[in-house]
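Working notes, structure below.
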Protein chains: 2
Amino acid sequence: MDETDWALLAHLQENSRLSLRELSRRVHLSAPAVAERVRRLEESGVITGYHAAVDLEAAGRPVVAFIRMSCYGSHCVLRDPDVPSWPEIQEIHRVTGDACSLLKVATGSMAGFERLIDRLAPYGQPSSTLVLSTPLARRPVIPEP
Amino acid sequence: MDETDWALLAHLQENSRLSLRELSRRVHLSAPAVAERVRRLEESGVITGYHAAVDLEAAGRPVVAFIRMSCYGSHCVLRDPDVPSWPEIQEIHRVTGDACSLLKVATGSMAGFERLIDRLAPYGQPSSTLVLSTPLARRPVIPEP
DNA sequence: TCGGTCTCGTCCACGCCGTCCACCTCATCG
DNA sequence: CGATGAGGTGGACGGCGTGGACGAGACCGA
C-alpha cells in the first residue's frame, strides 16, 4: 500500500469503469504495472468488488429506512439464513448496544414498508428511522493522516 | 426500465467492470444497443456511478460505527458544510425520529474514534453504536415484485 | 391503404484497450 | 561480486468501445 496504490484506489472508488490505461496515465506508470497493482489490491482483499451505484428513488424504492432490531433471544434475524435474501433489505450490520442488529431497507411504498415491519416483528422489537435524504452517500477511503 | 434494463442493472451492480460486449452477450443484444441502454440508465439517474468497494479493515480502518446525532438547534452537523469532508465520515443521512442525522464512520483506531466523537460533540449529543460485523454489505436492487 | 417518422435494433470499420511475453533495472545478500 | 527476485518497460496481438449507415416494426394522419 504505497502512495501509488492509494492513488489507484482513490480513482477506482470514484469511477470503477476507468480503463487500466487511463489509470496508468494518471499515476504515471505503464498499463501492465497498473494491472499488476490492481490485481494485488483485489487479491489482498482491499478491493472487494466493483459495483454500479443505483439511485433507490429512481429505481422505484423511495422509502428508505434504518431498522434497529432488538431480537428475542435465539430468534435473532442474524440467525435466520433466509433474512439476507429478502429483497427489501439492503444491508445488515451486527452492532453493539441494546439492539443486536441494524438493517438498512428500501421499499417501493409505505405499504411495502409496513409489510416488511410485520415480517420482522416475529424476530424481535423493530425500531424504525426513516431516511429523509442522504447528504453524503459515500466517501472514498483515503490513507490515514 | 424493461426486463433487459433490469438485467443490465443487475449485472452492473454485481460487477461494474464488465465490458459492454460481455454485457451484450449476457442479455443477447448487440454491443451498441447495450451501450445505448446503459447510457440512458446513467442519464435518467438510475445509475449514479461506478465504484470500487473497499474493505475498511483491510484499508486500515477497523473501527466502524453508526452515530446518531441529536443536534442543538441551529448547530446541526447537517448545516456545517465542512463536516462532509471529514475523512472518517463515510455516510450522512438525515433521518426522522429524535435524532436529526445518522452518520456512518470508520476510523483507524479507538483513539481516532474518540477524537471524532470529541469533534462531533459541539454540534449535539452523539449516540454511538459500534459495528461488530456486516453479514450483508450490499444487496443489488431488483425490480419490485 | 399508404407513406412519413420515430424508436430501437444490427452490422461494420477504425482506433483504443487488456494482456502476455521478453527484457531491463536495481536493491539485497551470501 | 555475481545470483536472485521484485517490479518496471515496451511491443505485439486479439478483443473492445464507438460512431455512422442502415433496416424492421409500431404508430399516425391524409
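All values below were derived from every heavy atom in this structure, side-chain atoms included, with hydrogens, water molecules and symmetry-related copies excluded. These numbers come from a predicted model, not from an experiment. Each chain gets a letter, A, B and so on, in the order its sequence line appears, and its residues count up from 1.
Using a 4.0 Å heavy-atom criterion, one finds that B:Arg17 contacts no nucleic acid atom at all. A:Arg25 comes within 4.0 angstrom of the backbone, heavy atoms only, and of no base. When heavy atoms are screened at a 4.0 angstrom cut-off, B:Ser30 is found touching base atoms of the nucleic acid.
Atom CD in B:Glu42 sits about 13 Å away from atom P in D:dG17, given to the nearest Å. B:Leu41 has its CG atom 12 Å from the P atom of C:dC8, to the nearest Å. Taking atom CZ of residue B:Arg39 and atom P of nucleotide D:dG17, one finds them 16 Å apart after rounding to whole Å. Atom CG of A:Leu23 is separated from atom P of C:dC17 by 11 Å (rounded to the nearest Å). The CZ atom of B:Arg40 sits 7 Å away from the P atom of C:dG9 (whole-angstrom rounding). When rounded to the nearest whole Å, the span between CG of A:Leu20 and P of C:dT19 equals 6 Å. Rounded to whole angstrom, the span from the CG atom of A:Leu18 across to the P atom of C:dC16 amounts to 18 Å. Counting to the nearest Å, the C1' atom of D:dG7 and the CG atom of A:Asp5 are 12 Å from each other.
The residue among A:Arg21 and A:Arg37 whose nearest nucleotide of DNA chain D is located toward the 5' end is A:Arg37.
Between A:Asp2 and A:Arg37 there is a salt bridge, since at least one side-chain N of the basic residue sits less than 4.0 Å from a carboxylate O of the acidic one. Looking at A:Glu43 and A:Arg40, no side-chain N of the basic residue comes within less than 4.0 Å of a carboxylate O on the acidic one, giving no salt bridge. With salt bridges taken as basic N to acidic carboxylate O contacts below 4.0 Å, none links B:Glu88 and B:Arg61.
Checking D:dT9, D:dC16, C:dG18 against the side-chain heavy atoms of A:Ser19 singles out C:dG18 as nearest. Comparing C:dT19, D:dG19, C:dG9 by their nearest atom to the side chain of B:Ala33 picks out C:dG9. Across C:dT19, C:dG9, D:dT9, the shortest atom-to-atom separation from the side chain of A:Ala31 is found for C:dT19. Candidate nucleotides D:dG10, C:dC12, D:dG8 were compared by shortest atom distance to the side chain of A:Leu29, and D:dG8 ranks first.
Atom CZ of A:Arg138 sits about 8.0 Å away from atom CD of B:Glu91, to the nearest 0.5 Å.
The closest side-chain donor-acceptor pair between A:Glu14 and B:Tyr50, if any, does not fall under 3.5 angstrom.
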